[in-house]
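Owing to the predicted nature of the structure, the values given are computational and were not obtained by experimental measurement.
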Amino acid sequence: MSERLHARRDLRRWLIALYVAFTAEHAYGAARYGTPVRLVGILPLGLLLALALGLLARHARTGSRPALSAGAIVVAVAFVGLAGLLEGGFNHALKVAFHVTGTPDDRLRQLFGGLNFAVPDDVVFEGIGTATLGLAVPVAWHLARLLRSARLPRSNATARRAGVTALVAAGALFGAYVIEPLDHVGLITLAILGAALGFALTAVSKVVGHPGWASRIVHSNRDARPAYGEGEAT
């Protein structure tokens with residue numbers, strides 16, 4: 001079995017595991033704290049999961065580089081960025097760390113406040129929430145494996161600069177948040193999204209960041225089909 005097929009299957013499994021943890025955390029939190037609004041994010045992330053898996057499956061069947069590029073962006077932004085770093089990292093792991101170090105509940109509410117804020121007094125809720133951060137690590141790892149195994153061409157300077165610029169902007173936003181905390185998580189959300197987008201742009205620039213990529217997109221399905229012939233057993 002090829003490295004590319006291994007990477008794709010591993011990525012698919014970890015994506016599903018991350019979605020299951022995300023769903024369990026939101027469903028448990030909705031019941032535990034009487035906040036059904038927590039259920040709102042489950043369906044959109046499920047649709048994004050279906051989209052990502054569909055794009056990865058298309059890449060497996062046809063070798064379509066646009067499908068791989070789009071799938072990588074969905075995975076990086078929605079699952080590594082939002083579900084992993086923002087939900088698991090910021091809303092749970094960082095909040096618990098502040099709580100353990102003695103930060104008062106009022107200060108926690110100021111730093112992490114919002115409609116869904118909960119004082120970290122439930123081990124199950126915070127544990128499942130923090131697990132989404134841990135699960136985002138193998139998702140990012142196997143996404144990188146898949147991109148490497150696809151043997152994509154080198155990225156150009158413009159694509160690299162786009163990724164670096166997004167990462168720098170994310171760092172600046174996070175720094176501004178730490179220096180002058182707001183009463184909501186809007187700024188930190190932008191920082192997480194900026195970092196995830198920077199990762200995605202840098203990674204998938206290998207797909208399109210070189211001369212002649214447009215013509216390869218046009219002919220990708222026709223030219224790549226004989227070379228892949230890899231099919232996946234479900």
Side-chain angles (χ1 to χ4, degrees), residues 14-15 17-49 74-141 164-200:
W14 285 107
L15 277 173
L18 175 54
Y19 178 70
V20 169
F22 180 90
T23 300
E25 179 251 321
H26 279 67
Y28 179 87
R32 169 69 172 77
Y33 297 103
T35 52
V37 69
R38 294 178 187 275
L39 301 174
V40 171
I42 294 176
L43 178 59
L45 192 66
L47 294 176
L48 288 171
L49 175 63
V74 172
V75 170
V77 174
F79 290 89
V80 178
L82 286 176
L85 296 178
L86 179 60
E87 180 65 16
F90 180 74
N91 287 340
H92 289 279
L94 189 60
K95 181 180 68 174
V96 170
F98 274 49
H99 176 71
V100 170
T101 55
T103 304
D105 290 346
D106 289 343
R107 181 60 171 163
L108 289 177
R109 189 177 299 277
Q110 180 186 16
L111 289 170
F112 304 95
L115 293 175
N116 295 333
F117 173 78
V119 174
D121 57 0
D122 188 298
V123 175
V124 174
F125 178 65
E126 301 299 341
I128 299 174
T130 302
T132 59
L133 174 63
L135 291 169
V137 174
V139 166
W141 171 256
V164 171
T165 299
L167 290 171
V168 170
L173 286 169
F174 183 76
Y177 180 85
V178 171
I179 293 172
E180 188 62 37
L182 303 179
D183 292 332
H184 52 77
V185 297
L187 196 56
I188 193 65
T189 300
L190 291 176
I192 295 298
L193 288 175
L197 183 57
F199 168 79

Please name the pair of heavy atoms, one in Tyr33 and one in Val119, separated by the smallest distance, quoted to 0.1 Å. OH-O, 3.8 Å
Within the side chain of Thr132, is there an N or O that forms a donor-acceptor pair under 3.5 Å with the backbone of Phe22? no
So which heavy atom on Ala21 is nearest to which on Leu135, and how close? CB-CD1, 3.6 Å
Which distance, rounded to the nearest 0.5 Å, do you find between the CG of Leu18 and the CG of Leu45? 7.0 Å
From Leu108 atom CG to Thr103 atom OG1, the distance as rounded to the nearest 0.5 Å: 5.5 Å
Where Pro120 and Val96 come nearest, the two heavy atoms and their spacing: CB-CG2, 4.2 Å
So, does Lys95 use its side chain to make a donor-acceptor pair with the main chain of Ala118 at under 3.5 Å? yes
Side-chain H-bond candidate by donor/acceptor type, His92 with Glu25, under 3.5 Å: yes
Does the side chain of Asp105 reach to within under 4.5 Å of the side chain of His99, using non-hydrogen atoms? yes
Measuring from Phe117:CZ to Thr35:OG1, what's the distance to the nearest 0.5 Å? 12.5 Å
Enter the distance from Leu48:CG to Tyr19:OH here, rounded to the nearest 0.5 Å. 10.0 Å
Any salt bridge (charged side-chain N to carboxylate O under 4.0 Å, His left out) pairs touching residues 83-93, not counting sequence neighbours? none
Name the orientation class of the two ring planes belonging to Tyr28 and Phe125 (parallel below 30°, tilted from 30 to 60°, perpendicular beyond 60°). parallel
Indicate the atoms forming the closest heavy-atom contact of Ala136 with Gly84, along with that distance. CB-CA, 3.6 Å
side-chain hydrogen bond (donor to acceptor under 3.5 Å, both in side chains) involving His26 - partner list, sequence neighbours excluded: none
Would you give the length of the straight line joining atom CG of Leu49 to atom CD1 of Ile42, rounded to the nearest 0.5 angstrom? 13.0 Å
For Ala30 and Pro36, which heavy atoms make the closest approach, and how far apart are they? CB-CA, 4.1 Å
To the nearest 0.5 Å, what is the distance between CH2 (Trp14) and CZ (Phe79)? 15.0 Å
Counterpart residues, side chain to side chain contact (heavy atoms under 4.5 Å, CB included), relative to Ala93 (two or more places apart): Thr130, Leu133
